[in-house]
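Atoms considered below: every heavy atom in the structure, side chains included; atoms not considered: hydrogens, waters and symmetry mates. Here is how names work: the chains are called A, B, and so on, in the same order as the sequence lines, proteins then strands, and each is numbered from 1.
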Protein chains: 2
Amino acid sequence: MLHLAGHSTTESVQIADIAEGANVPRKFLEQILVELKRRGLVHSVRGRHGGYLLGREPKAISFAEIIRIIDGPLALSPCASRTAYRRCEDCVDETTCAIRKSLVDVRNSTARILEQHSLADALADRRKIKPGA
Amino acid sequence: MLHLAGHSTTESVQIADIAEGANVPRKFLEQILVELKRRGLVHSVRGRHGGYLLGREPKAISFAEIIRIIDGPLALSPCASRTAYRRCEDCVDETTCAIRKSLVDVRNSTARILEQHSLADALADRRKIKPGA
DNA sequence: ACAATCTCTACTGAGTCAATAGAGATTATA
DNA sequence: TATAATCTCTATTGACTCAGTAGAGATTGT
């Protein structure tokens with residue numbers, strides 16, 4: 001995603017280029033991109049000079065969103081998740097579960113941090129440190 | 001652990017009792033307890049009237065410590081972990097990795113929250129809500 | 001027509017997780 | 001001393017996930 005963010009929002013980049021830049025197998029990257037596409041974070045251009053490009057401006061794509069798609073919900077337990085809530089099977093009483101309270105705290109702070117960081121921020125950081133690259 | 005914290009620090013509780021209270025298979029619980037013992041969080045008493053008891057006072061056992069033993073490192077990626085640091089294999093330059101910065105932020109906030117919560121806190125919470133239980 | 005690319009589905013191998021199984025060591029008690 | 005109750009240890013299972021592989025099919029530029 002950082003690689004794509006480094007290019008314009010109008011010209012597409014080919015899988016092979018991204019794979020080389022990110023140092024991951026092409027076919028493996030493909031599966032991730034298909035999923036990202038399904039969720040609207042990237043668009044694809046088919047055919048001869050096809051490729052991928054960001055679906056929105058870099059500043060409108062948060063780390064939280066990407067991580068949720070690739071790694072699943074942020075919460076440590078489904079019962080503490082907001083986007084993928086699921087009650088624990090053997091939970092006796094959720095409202096008095098002292099463990100869940102902490103897990104919800106953790107989820108909230110994690111979500112806050114990851115939602116504040118966008119691709120644009122990451123790109124700016126990188127440029128700040130390595131102006132030449 | 002909450003079950004154990006509910007008992008005195010001197011008398012042991014049998015696996016079967018904890019298993020029933022926590023609604024998990026006895027043999028499965030056993031493996032967790034053995035690991036917790038290896039790390040010093042609980043002690044065991046062998047033989048006829050054996051069982052388990054907390055290795056320290058409830059207020060000296062944090063959620064962070066328990067979760068690290070049962071679930072592994074808190075960080076989302078090994079490169080952001082303090083207790084189990086490991087460099088990413090295909091990392092080009094760790095100091096300029098914009099993703100890692102966010103992951104370290106998340107780890108730190110997670111660790112702060114989970115280290116502040118102890119078994120004693122959880123026990124107090126539970127009693128506050130359900131004074132009779 | 002053809003070549004380059006994305007698209008889709010299925011598969012593999014290693015690893016993890018919850019759970020099971022059983023033999024062995026330790027201790028209280030009769 | 002024998003026995004029963006308990007923890008201890010190691011191995012194994014089955015379902016699942018994760019990274020990666022494979023190949024046929026659809027789409028588009030030339």
For [X] and [N], what is the distance between atoms [atom1] and [atom2] respectively, to the nearest whole Å?
X     : N      : atom1 : atom2 : value
B:Q14 : C:dA28 : CD    : C1'   : 12 Å
A:K27 : C:dC8  : NZ    : P     : 12 Å
B:K37 : C:dA25 : NZ    : C1'   : 12 Å
B:R38 : D:dC9  : CZ    : P     : 11 Å
B:R26 : D:dA5  : CZ    : P     : 12 Å
A:Y52 : D:dT27 : OH    : C1'   : 13 Å
B:I32 : C:dT20 : CD1   : P     : 12 Å
B:L29 : D:dC7  : CG    : C1'   : 12 Å

Using a 4.0 Å heavy-atom cut-off, does [X] contact any base of the nucleic acid, only the sugar-phosphate backbone, or nothing at all?
X     : value
B:V24 : nothing
A:I15 : sugar-phosphate
A:G47 : base

(Q) Would the distance check show the side chain of B:N108 and the main-chain N or O of B:D105 forming a donor-acceptor pair, the cut-off being under 3.5 Å? (A) no

Q | Contact letters for nucleotides 9-18 of chain C, in which S counts primed atoms plus P, OP1 and OP2 and B counts the base, heavy atoms under 4.0 Å | A | BB-------S

Q. Are A:L41 and A:I32 grouped together when hydrophobic residues (ILVMFWY) are joined by side-chain heavy atoms under 4.5 angstrom apart?
A. yes

Q.
Testing the 3.5 Å rule here: is there a donor-acceptor pair between the side chains of A:S44 and A:K37?
A. yes

Q: Quick one: name the residues clustered hydrophobically with B:V45, using the 4.5 Å side-chain heavy-atom rule over I, L, V, M, F, W, Y, and just say none if it's on its own.
A: B:L53

**Q.** Which nucleotide in D:dG29, D:dG20, D:dT8 has an atom nearest any side-chain atom of A:H49
**A.** D:dG29

Q) Can you tell which of D:dA24, D:dC7, C:dC6 lies closest to the side chain of B:R46? A) D:dC7

Q | For A:H3, ring-ring contact (aromatic ring centres under 6.0 Å, His included) partners two or more places apart | A | A:H7

Q. Are the charged groups of B:R56 and B:E65 less than 4.0 angstrom apart, N to O?
A. yes

Q: Using a strict cut-off of less than 4.0 Å between a Lys/Arg side-chain nitrogen and an Asp/Glu carboxylate oxygen, indicate whether A:E30 and A:K27 qualify as a salt bridge.
A: yes

